[in-house]
Amino acid sequence: MKKTTRTILKALVILVPLAYFFPWWTAFFLLCGTYDVVRNRKLDTSVVLQYFFGNGLLTWILSPFNILMDILALPYTNRGIYRLEDLPKSYQQEIRKLIDESHEIDLVGQLEERTRTQPRTMIFFKWYGANVETFVHAPAFQEKYRYIRTIGVSVFNQRESTSRHFGPLRATLRVLYNINTMEDNSAYIEVGKVKHYWCDEKLFIFDDTLLHQSFNESDKARYCLFVDILRPSPLTALLSVVVDGLRVFLRGINYLFYKNWKVLTR
């Protein structure tokens, strides 16, 4: 209760001056943010406060841009959580190619020694369309794809989890594939009311601007392909240009998104 009260007071200190000096802009961003946050299916006061005044603040600031991405994707509506079959077949083919490659090159075996001492590790092969130099031999991960824009591997060591958080941008969908096999339901991702257990289904696709949290409460490491793929849209070329622009804009600050990870390069 004390924390909630402090958050509300802080919100009033910020919102009241903004509403006074910039009423139309404040109303516009509040309207966009309200639309954005109510998409979360497990909505309560804590989610609203976290979105507007916690680590969802950047997502709120970017909400007009993200709503524009929803419009540009029409008639493909945002499902929030997707099955592979919900995507066009050409998207499915690119995703399946990455999955097959991860097993063919023994990706877990290549990463195991370098990641065993870190709580959380991330390695990128491609970031917003640009290839990233790495010590891992994975030629298919650095090919040119029409829809896939980011390819990485997220490694959680045993008993490691993230905090609840919102992704900032909605030009892409997040594709996660648990490469190694988890034997029970102690490793999962939670998005709203959905708990997706990696032991039941290795593939999970979702809009990561929804509040989510990843858990590995098991006694073994969890290796997930970490992929961003363009939103299905009749304007694929335009979305591709947008993502290329984001790469340039975010190049100097991308470390902010992975500050709690050990990012391996070479």
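Across every non-hydrogen atom of A140 and L98, the tightest pair is O-CD2, 4.4 Å. Across all non-hydrogen atoms, the minimal contact from S46 to D44 is OG-OD1, 2.6 Å. Annotation for A73 and R231: closest pair CB-NH2, 3.6 Å, computed over non-hydrogen atoms. Scanning all heavy atoms of the two residues, the minimum distance from S63 to G33 falls at OG-N, 3.7 Å. When all heavy atoms are compared, the tightest approach of Q142 to F125 is NE2-O, 3.2 Å. For the residue pair Q118 and N157, the shortest heavy atom distance occurs at O-ND2, 2.6 Å.
No chain of hydrophobic side-chain contacts below 4.5 Å, direct or via other Ile, Leu, Val, Met, Phe, Trp or Tyr residues, connects L31 to F166. Under the 4.5 Å side-chain contact rule for hydrophobic residues, F65 and Y76 do not share a cluster. Criterion: ILVMFWY side-chain heavy atoms under 4.5 Å apart, direct or through other members. Under it, F53 and W25 are part of a common hydrophobic cluster. Cluster annotation: F215 is not connected to Y177 through the hydrophobic network of ILVMFWY side chains, with a link wherever side-chain heavy atoms come within less than 4.5 Å.
By the side chain to side chain donor-acceptor pair (under 3.5 Å) test, S154 is found to be paired with R222, residues two or more places apart in sequence or in another chain being considered. Every residue two or more places apart in sequence or in another chain that forms a salt bridge (charged side-chain N to carboxylate O under 4.0 Å, His left out) with K42 is listed here: E190. In this structure S186 satisfies the side chain to side chain donor-acceptor pair (under 3.5 Å) test together with D184, sequence neighbours excluded. With sequence neighbours excluded, no residue satisfies side chain to side chain donor-acceptor pair (under 3.5 Å) with N185. For H212, the ring pair (Phe, Tyr, Trp, His ring centres under 6.0 Å) partners two or more places apart in sequence, or in a different chain, are H165, F206. The side chain to side chain donor-acceptor pair (under 3.5 Å) check on T209 picks up R39, R170, D207, with sequence neighbours excluded. Listed by chain and number, the residues in a salt bridge (charged side-chain N to carboxylate O under 4.0 Å, His left out) with E160 are R120 (sequence neighbours excluded). F52 is linked by a ring pair (Phe, Tyr, Trp, His ring centres under 6.0 Å) to W60, counting only residues two or more places apart in sequence or in another chain. For R146, the salt bridge (charged side-chain N to carboxylate O under 4.0 Å, His left out) criterion is met by no residue, not counting sequence neighbours. For the ring pair (Phe, Tyr, Trp, His ring centres under 6.0 Å) test, no residue two or more places apart in sequence or in another chain qualifies with H137.
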Check: residues 191-199 side-chain donor-acceptor pairs under 3.5 Å, at least two apart:
| unit_1 | atom_1 | unit_2 | atom_2 | d |
| --- | --- | --- | --- | --- |
| H196 | NE2 | E201 | O | 2.8 |
| H196 | NE2 | L203 | O | 3.4 |

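Atom-to-atom distance recorded for L173:CG and I81:CD1 is 11.5 Å, nearest 0.5 angstrom. Taking CD1 of I123 as the start and OG1 of T115 as the end, the distance is 9.5 Å to the nearest 0.5 Å. To the nearest 0.5 Å, atom CG of residue L225 and atom OG1 of residue T150 are 12.5 Å apart. Summarising the geometry, atom OH belonging to Y51 is positioned 11.5 Å from atom CG belonging to L211; distances are rounded to the nearest 0.5 Å. Put simply, CG on L246 and CH2 on W127 are 8.5 Å apart, with the number rounded to the nearest 0.5 Å.
At a threshold of 4.5 Å between non-hydrogen side-chain atoms, the residues L176 and V227 do not count as touching. You'll find the side chain of R174 reaches within 4.5 Å of the side chain of D228, heavy atoms only. Side-chain contact check for Y188 versus D200: every heavy-atom pair is 4.5 Å or farther apart. In this structure, F204 and I189 have side chains that are in contact, with non-hydrogen atoms separated by less than 4.5 Å. Taking 4.5 Å as the limit, some side-chain heavy atom of S102 sits within range of a side-chain heavy atom of F141.
Checked options T45, N40, N55, T59; the residue passing with Q50 is N55 (criterion: side chain to side chain donor-acceptor pair (under 3.5 Å)).
Of the N and O atoms on the side chains of N216 and Q158, not one donor lies less than 3.5 Å from an acceptor on the other residue.
The environment of K220 atom NZ is dense: over 12 non-hydrogen atoms of other residues, nucleotides or ligands sit within 6.0 angstrom.
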> Can you check side-chain hydrogen bond (donor to acceptor under 3.5 Å, both in side chains) on Y147 and S90, steps first, answer last?
Replying inline: CA-CA 9 Å; Y147 308 109; S90 52; 3.2 Å; yes
>> Does D100 form a salt bridge (Lys or Arg N to Asp or Glu O under 4.0 Å) with K97? I'd like the steps, not just the answer.
In response: CA-CA 5 Å; D100 292 343; K97 181 175 181 177; over 6 Å; no
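In the hydrophobic clustering, where aliphatic and aromatic side chains (Ile, Leu, Val, Met, Phe, Trp, Tyr) are joined below 4.5 Å either directly or transitively, Y35 groups with I67, I71.
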